[in-house]
Amino acid sequence: MELMPILATLKRHKTAAGLIVLQVALTCTIVCNALFLIGQRLERIQEPSGMADEELITLRVSGVTPNENPKAQTEVDLAALRQLPGVKGVTLMNQVPYGPQFTVSGLRHSDDEKAQGTGVPEYRMGEGGLALLGLRLAEGRDFTPEEFRDGKAYEEEDGVNIPALIVSRVTARRLFPDGSALGQKVWGVGSGPSTIVGVVERMISPHPGGADEDALAMILPIKQSFQRAEYVLRVDAAQREAALKAAIAALDRVGPDRILRGSHTWAEARARYYAQDRSMIGLLIGVCVALMVVTAFGIVGLASFWVQQRTRMIGTRRALGATRGQILRYFQTENFLLSTLGIVLGVLGAAGLSSVLVHQYELPGLPWHYLPAGAVALWMLGQLAVLGPARRAAALPPVAALRS
């Protein structure tokens with residue numbers, strides 16, 4: 001297939017060809033960046049928490065009147081919840097993933113309060129919390145009974161030392177990038193140093209956002225009362241809803257002078273937390289599909305118009321011996337040239353738009369592999385869109401074409 005006749009024909013139709021090139025370029029620019037944003041959102045939604053989300057439920061209660069002995073009431077609550085069918089374990093936590101609270105403490109390498117620290121979200125929980133959440137230790141051990149401290153004393157009194165910490169692997173690497181964090185001492189929680197006794201493979205932050213910082217987290221061995229924490233139960237995944245109702249009824253039965261402030265499964269909380277991300281993915285997919293459809297219709301319309309305008313030319317070429325395949329390849333090559341020019345401009349536009357998003361909104365830069373992916377998609381779209389008009393042109397009988 002010689003290119004000169006094609007280029008000569010396009011030169012005579014500069015405006016129409018230019019519009020298609022600009023349309024393809026605009027679509028390529030937007031689609032490449034939209035696909036990148038969709039990929040980011042999907043990674044964020046699918047990010048593993050490191051915990052048994054499908055088996056965990058949370059309840060928050062508070063007293064209607066002041067409780068003189070919240071510790072005793074908490075023990076009664078725990079005993080009642082552990083007796084429920086399908087309950088594998090119960091603990092209390094100051095905050096949970098995908099929840100409204102976000103407590104962070106700064107960990108330092110020295111006792112100097114002016115030294116720069118690393119902000120790490122903290123989970124406070126009682127005995128058995130590690131196994132209950134489904135966290136997997138990569139190094140070290142769980143807390144011993146002697147290492148637990150009272151939650152009220154920790155919050156209201158000075159001089160309470162937290163002897164041990166368990167951190168996530170990301171936190172360990174952030175604090176001690178040149179070696180193991182196990183056995184190292186840090187300051188920033190309680191009075192005096194705390195020793196890192198365990199490192200879990202992964203533990204998500206209470207407010208994950210899709211970055212490496214989402215896996216910054218630590219566990220403090222602190223026993224709390226119902227007034228300062230939330231009950232977390234691990235149950236059979238198939239019985240979550242029934243266990244949640246039974247837990248609410250059990251707490252109401254053993255402590256009637258309280259109100260339920262909130263209850264949910266962790267799966268529900270996760271779904272609500274990422275609802276906006278799913279909506280954004282749907283919106284971006286809709287934009288991409290709309291642009292691709294508009295571009296495809298533009299190519300079909302232009303190709304159909306050109307087939308109609310070139311009927312005599314097609315008939316002449318057929319009369320001179322051109323085959324249907326040659327006519328078909330003529331229009332496909334023509335579209336390929338226009339698409340290629342539009343894609344080159346679109347790739348440059350995508351890189352420019354990405355640069356603007358990086359500087360204006362502090363978004364990560366567009367990875368290079370999205371550019372060839374968008375180019376291939378538009379090449380395929382162009383060839384599919386022109387296929388119908390090209391086949392109609394190739395099917396024109398030479399005599400009928402010349403008569404027109």
Side-chain angles (χ1 to χ4, degrees), residues 40 43-44 47-51 93-126 129-130 133-143 147-149 151 153-222 224 228-230 273 358 361-365:
Q40 278 193 309
E43 288 180 3
R44 171 181 160 93
E47 182 180 25
S49 68
M51 307 180 193
M93 297 177 62
N94 64 315
Q95 57 184 350
V96 296
Y98 323 115
Q101 297 181 341
F102 190 58
T103 303
V104 178
S105 293
L107 295 184
R108 308 183 304 272
H109 291 93
S110 70
D111 194 23
D112 183 6
E113 294 184 357
K114 296 182 180 180
Q116 185 176 4
T118 301
V120 181
E122 62 176 53
Y123 291 110
R124 308 172 195 168
M125 62 184 73
L130 203 67
L133 295 180
L135 294 168
R136 187 167 66 89
L137 275 171
E139 299 179 77
R141 60 172 176 81
D142 199 349
F143 299 118
E147 291 171 336
F148 284 88
R149 298 293 182 264
Y154 173 72
E155 293 181 2
E156 298 181 356
E157 301 176 12
D158 295 330
V160 176
N161 173 247
I162 304 299
L165 294 178
I166 294 177
V167 300
S168 67
R169 185 181 289 278
V170 171
T171 305
R173 290 174 180 169
R174 181 68 61 85
L175 293 172
F176 301 97
D178 300 325
S180 174
L182 200 64
Q184 300 286 352
K185 295 185 181 299
V186 292
W187 283 257
V189 289
S191 63
S194 302
T195 303
I196 297 176
V197 299
V199 178
V200 296
E201 189 63 41
R202 181 169 181 80
M203 181 166 51
I204 204 168
S205 162
H207 280 195
D212 187 46
E213 284 73 12
D214 293 346
L216 282 174
M218 62 179 171
I219 300 175
L220 279 61
I222 295 178
Q224 302 165 105
R228 300 172 181 269
E230 307 177 21
Y273 188 82
V358 168
Y361 301 101
E362 298 183 355
L363 294 175

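Quick note: residue numbers are just sequence positions, from 1.
Between the side chain of Asn161 and the backbone N or O of Ser191 there is at least one donor-acceptor pair closer than 3.5 Å. Proximity of a side-chain donor or acceptor of Thr195 to a complementary backbone N or O of Lys185 within less than 3.5 Å is not detected. Under a 3.5 Å cut-off, the side chain of Glu201 and the backbone N or O of Leu135 do not form any donor-acceptor pair. A donor-acceptor contact shorter than 3.5 Å is absent between the side chain of Arg149 and the backbone of Leu220. With hydrogens and angles ignored, the 3.5 Å screen pairs a side-chain donor or acceptor of Tyr273 with a backbone N or O of Pro208. Panel note: side chain Gln224, backbone Arg124; a donor-acceptor pair is recorded below 3.5 Å. Looking only at distances, no side-chain donor or acceptor of Arg202 sits under 3.5 Å from a matching main-chain atom of Arg169.
A 4.5 Å side-chain heavy-atom check between Pro97 and Met51 finds at least one atom pair inside the cut-off. Proximity of Leu216 to Pro121: side-chain heavy atoms (C-beta onward) are separated by under 4.5 Å at one or more points. Between Leu107 and Leu175 there is a side-chain heavy-atom pair separated by less than 4.5 Å. Residues Met125 and Asn94 form no side-chain contact, since every pair of their non-hydrogen atoms from C-beta on lies 4.5 Å or further apart.
Taking CD1 of Ile162 as the reference point, atom CD of Glu122 lies at 9.0 Å (rounded to 0.5 Å). Here CD1 of Ile196 is found 8.0 Å from CG of Leu182. Values are rounded to the nearest 0.5 Å. Note that the OG atom of Ser168 and the CZ atom of Arg174 stand 9.5 Å from one another [nearest 0.5 Å]. If you take CE on Met203 and OG1 on Thr171, they are separated by 6.5 Å, rounding to the nearest 0.5 Å. Remark: Ile222 CD1 to Glu147 CD distance equals 12.5 Å, nearest 0.5 Å. Note that the CD1 atom of Ile219 and the OH atom of Tyr123 stand 9.0 Å from one another [nearest 0.5 Å].
For the residue pair Ser105 and Gly188, the shortest heavy atom distance occurs at CB-O, 4.3 Å. For the pair Ala115 and Arg108, the tightest heavy-atom approach, listed with the atom from each and the gap, is O-CD, 3.5 Å. In this structure, Ser205 and Phe102 approach most closely via the heavy-atom pair OG-CE1, 3.5 Å. Shown here for Pro206 and Val96, the closest heavy-atom pair between the two residues is CB-O, 4.0 Å.
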(request) Please test Asp112 against Trp187 for side-chain contact (heavy atoms from CB on, under 4.5 Å), starting from the C-alpha separation and ending with a verdict. (result) CA-CA 9 Å; Asp112 183 6; Trp187 283 257; over 6 Å; no
(message) I'd like to know whether Leu130 forms a side-chain contact (heavy atoms from CB on, under 4.5 Å) with Phe143, so could you lay out the CA-CA distance, the side-chain angles of the two residues, the decisive distance to 0.1 Å, and finally the verdict.
(response) CA-CA 9 Å; Leu130 203 67; Phe143 299 118; over 6 Å; no
(request) Take Val199 and Ile166 through the side-chain contact (heavy atoms from CB on, under 4.5 Å) test and state the conclusion after the steps. (result) CA-CA 6 Å; Val199 178; Ile166 294 177; over 6 Å; no
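A 6.0 Å sphere centred on CD of Glu156 holds more than 12 heavy atoms belonging to other residues, nucleotides or ligands. Other residues, nucleotides and ligands contribute at most 12 non-hydrogen atoms within 6.0 Å of the CZ atom of Arg136.
Between Phe176 and His109, the distance separating the two ring centers is shorter than 6.0 angstrom.
Of the candidates Leu137, Val167, Leu133, Val200 forms a side-chain contact (heavy atoms from CB on, under 4.5 Å) with just one, namely Leu137.
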